[in-house]
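Just below is one structure, and these are the notes that go with it.
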Amino acid sequence: MAERVLWAVENMSLQIGRQILFDKAAMSISDGERVALVGRNGCGKSTLLKIVAGEETPSSGEISVARNIRIAHMPQNFEPEPDRSVKEVVREGLSWFENLHQRYESLPAESPEHEKLEHLLSCHNAWNLDNKLDTILDKLSISNPERSCSGLSGGELRRVILARTIIAEPDLLLLDEPTNHLDVDTIAGIEEFLANYRGACLFVTHDRYFLDRIASRIIELDNGKFFSCEGSYADFLIAKEEREYAEDQAENRRRSFLRREIEWVRRSPKARLRRNLGRLKRYDEIASQNAPVRTGRMELVIPRASHLGNKVVDLKEISFSRGERCLIRDFSFEFTANQKIGVVGVNGCGKTTLLKLITQQLQPDAGEVFVAPTVEFNYVDQSRIALNPEHTVCEEIGEGHTFINLGEERISIWGYLKRFLFEDERINTQIKHLSGGEKARLMLAKILRGGGNFLILDEPTNDLDLVSLRILEEALADYNGCLIVVSHDRYFLNRICTHIIAFEGNNGSLFTTVGDFDYYQTKKKERMTAEQENKRREEVKTAPPPPVRRNTPRKLSFKEERELESLEQTIAETEERIAEIEAMFSDPDFFARHGKQTAELQRELEERKHSLENAYTRWEELESKKESFQ
């Protein structure tokens, strides 16, 4: 039986300026589906989520929505009122359940709607809304819910809006980049939640592990059209390659046909006869068809790093505290050329503080930071370089210049921006009109223009589309300087990193290992297992010896005396019946007399033997007890 369709659209069109977001596009979402929406930055993914949520309307199209469904939308950017507390913002997601409670309490018990509301509240486990709120806050590691939203970091604010969205338990959940700014443990919790979620989900993400573990279907938005693919991201890439190959083959045949027809028109006077007008009309129809549009490939330019010596940056027993909390305790690490180090840890653990200590923007409370004279830092913090929203893309990168120098290469501003997929129209667009992904690309262009031989990137993968991410990974893998990257993108860390620095626990301890993120996770599990085993052994050593139990003989009770007497009689009767059945089986005329009872007698014989064995065991136990007392 097919699942019901929750939301569907046909012939949807929408154009903003000269950019066509949807061109007679069609798609649908069915109950229980986990649909990942992918596409290049600025193609219209966030706009589609707003249309599904009913926040925007396309220019044309036929939208069908299932009756009485609830839709909850987590936008990419969310700014709550600063004076509101975390708990107040998350509680907004419970408004539907609060309305159910009010209606339930106002109706008489014999009302049919009263029974329906009772069923709904039970299905969603929504009788105690305070408990439901506390559960979701705990699941997403949101501490101190009474504090104001104005002081929240990007990751903390992300968790708050995610909690407000999923606590509503809608029929259709819309998530726009749900893993941005979140640590690995929180992302794993979201994966577990969505895997067990009863409703449908349409989400946009650049986290390939998250996509592979959650998505049951992938929809690509490409040049205004939707293309659907069942399976993993790898399956999607294969299907996309096959689709584009088939389109290219069809385009080659179309061009060959047009060339042949043009030659025929030029060489043959018959082409101008009335009876050949149909052939000319067919030529016009095919000539008017558009060739498949291919998205340009971003050419990421990282200038070659200048020479670094054997020693680059050396941290010796550094410690740093903020207030009463120790963020880093007695940490030592020596950075060398060509290292690519990933820094991981939960939000607020001190990752950015470590980067500022390395670049000497902060000084440690104890220990020493040595930086070689040849080091040229190119550090991009999490807040990123400020972009002036009133500037055009060209003005922001050029800063009054027509050319920029990339190492030994001199290139025009326009040529440089085209490598980051900015077309002529977008180069002259004000930054405030760019999408989140376009701003991320512009930020990368501005960052990497600075060069340097020690590159530090804090959350560089946020807002980048999957194609841009792959190109960034390839460029960073070929980078010949020293690289530090703070990221929660597990796939990105596995592709790039040669070392991992991990913040573990809340006591300022840092753990380092050679290898990628998966190797670090493996070693962490091994260490935790070993620590638990050592703790268990210590507990066994220090535990007091168990009291010695003295087995003093005890007289049989009256009930046990009667049981012993009855057992002797039971054993005798059972042995007698076993002997009778065995004698029956030994009788030469057995099958003539008892053939129909063979199976029944065989079953009785086995049961009697089993019963006899148990009776003997119990008899010996009671006899031993009786003899020991005497």
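Everything quoted here is computed from the prediction, not taken from an experiment. In this chain, numbering begins with 1 at the start of the sequence shown.
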Fill in: Thr513/Lys524 under side-chain contact (heavy atoms from CB on, under 4.5 Å): CA gap, chis, key distance, verdict
CA-CA 10 Å; Thr513 181; Lys524 180 181 178 181; over 6 Å; no
Worksheet item: Should Arg198 and Glu169 be marked as a salt bridge (Lys or Arg N to Asp or Glu O under 4.0 Å) after you check the CA-CA gap, both sets of side-chain angles, and the distance that decides it?
Response: CA-CA 8 Å; Arg198 288 177 294 183; Glu169 298 184 11; 3.8 Å; yes
Discussion item. Show, in sequence, the C-alpha distance, side-chain angles and deciding distance for Val89 and Cys149, and conclude whether the side-chain contact (heavy atoms from CB on, under 4.5 Å) test is met.
Written reply: CA-CA 9 Å; Val89 172; Cys149 290; 3.7 Å; yes
Item to complete: Could you give me the CA-CA distance, side-chain angles and deciding distance for Arg490 and Glu191, then say whether salt bridge (Lys or Arg N to Asp or Glu O under 4.0 Å) is met?
Response: CA-CA 13 Å; Arg490 296 153 289 180; Glu191 289 174 355; 2.8 Å; yes
Discussion item. Between Phe226 and Leu48, does the side-chain contact (heavy atoms from CB on, under 4.5 Å) criterion hold? Intermediate values first, please.
Written reply: CA-CA 11 Å; Phe226 294 111; Leu48 175 66; 3.7 Å; yes
Discussion item. Test salt bridge (Lys or Arg N to Asp or Glu O under 4.0 Å) on Glu244 and Lys240; report intermediate values, then the result.
Written reply: CA-CA 6 Å; Glu244 291 185 344; Lys240 179 180 173 67; 3.2 Å; yes
Practice prompt. Could you give me the CA-CA distance, side-chain angles and deciding distance for Arg470 and Glu474, then say whether salt bridge (Lys or Arg N to Asp or Glu O under 4.0 Å) is met?
Written response: CA-CA 6 Å; Arg470 292 206 308 271; Glu474 292 166 4; 5.4 Å; no
Discussion item. Assess the residue pair Gln15 and Ser59 against the criterion (side-chain contact (heavy atoms from CB on, under 4.5 Å)); give the C-alpha distance rounded to whole Å, side-chain angles, the decisive distance to 0.1 Å, and a yes or no.
Written reply: CA-CA 8 Å; Gln15 183 171 343; Ser59 304; 5.7 Å; no
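When the side-chain hydrogen bond (donor to acceptor under 3.5 Å, both in side chains) test is applied to Arg67, no partner is found at least two apart in sequence or on another chain.
In this structure, CD1 in Ile71 is found 8.0 Å from CD1 in Ile29, a value given to the nearest 0.5 Å. From Ser232, atom OG reaches atom CD1 of Ile218 across 6.5 Å, with rounding to the nearest 0.5 Å. The line from OG1 of Thr47 to CD of Glu55 is 11.0 Å long, rounded to the nearest 0.5 Å. Distance CD/Glu10 to OG/Ser64: 7.0 Å, rounded to 0.5 Å. Atom-to-atom distance recorded for Ile219:CD1 and Phe236:CZ is 11.0 Å, nearest 0.5 angstrom. If you take CG on Leu121 and CG on Leu100, they are separated by 5.0 Å, rounding to the nearest 0.5 Å.
A cation-pi contact, defined as under 6.0 Å to the ring centre and within 45° of the axis, links Lys132 to Phe97.
Heavy-atom neighbours of Glu56 CD from other residues, nucleotides or ligands within 6.0 Å: above the threshold of 12. Lys116 NZ: 12 or fewer foreign heavy atoms inside a 6.0 Å radius. Crowding of Glu526 atom CD: a count of heavy atoms from other residues, nucleotides or ligands under 6.0 Å exceeding 12. Taking a 6.0 Å sphere around CD of Glu115, one finds it holds 12 or fewer heavy atoms contributed by other residues, nucleotides or ligands.
Ring geometry, His124 versus Trp96: the interplanar angle exceeds 60°, so the pair is classed perpendicular (tilted spans 30 to 60°).
The main-chain N or O of Val343 is never found under 3.5 Å from a side-chain atom of Lys351 such that the two would form a donor-acceptor pair. Of the possible donor and acceptor atoms, one in the side chain of Gln430 sits under 3.5 Å from a partner among the backbone N and O of Glu390. Checked by atom type and distance alone, the side chain of Asp212 pairs as donor or acceptor with a backbone atom of Tyr233 at under 3.5 Å. No donor-acceptor distance shorter than 3.5 angstrom exists from the side chain of Arg322 to the backbone of Gly350, with no hydrogens or angles considered. A donor-acceptor pair under 3.5 Å is formed between the side chain of Lys45 and the backbone N or O of Arg40. A donor-acceptor contact shorter than 3.5 Å links the side chain of Ser216 to the backbone of Arg34. At least one donor-acceptor pair closer than 3.5 Å links the side chain of Asp171 to the backbone N or O of Arg70. For Ser85 (side chain) and Glu88 (main-chain N/O), a donor-acceptor pair under 3.5 Å exists by modelled atom type.
For the side-chain contact (heavy atoms from CB on, under 4.5 Å) test with Leu140, the passing option among Ile190, Val90, Ile167 is Ile190; the others fail. For the side-chain contact (heavy atoms from CB on, under 4.5 Å) test with Leu457, the passing option among Leu476, Val486, Leu355, Ile496 is Leu476; the others fail. Exactly one of Asp176, Leu175, Leu174 qualifies for a side-chain contact (heavy atoms from CB on, under 4.5 Å) with Leu202. That residue is Leu174.
Between the side chains of Asn494 and Tyr209, at least one donor N or O sits under 3.5 Å from an acceptor N or O. Side-chain N/O atoms of Asp138 and Thr135 include no donor and acceptor closer than 3.5 Å. Checking Ser509 against Asn507 by side-chain atom types alone, a donor-acceptor pair falls below 3.5 Å.
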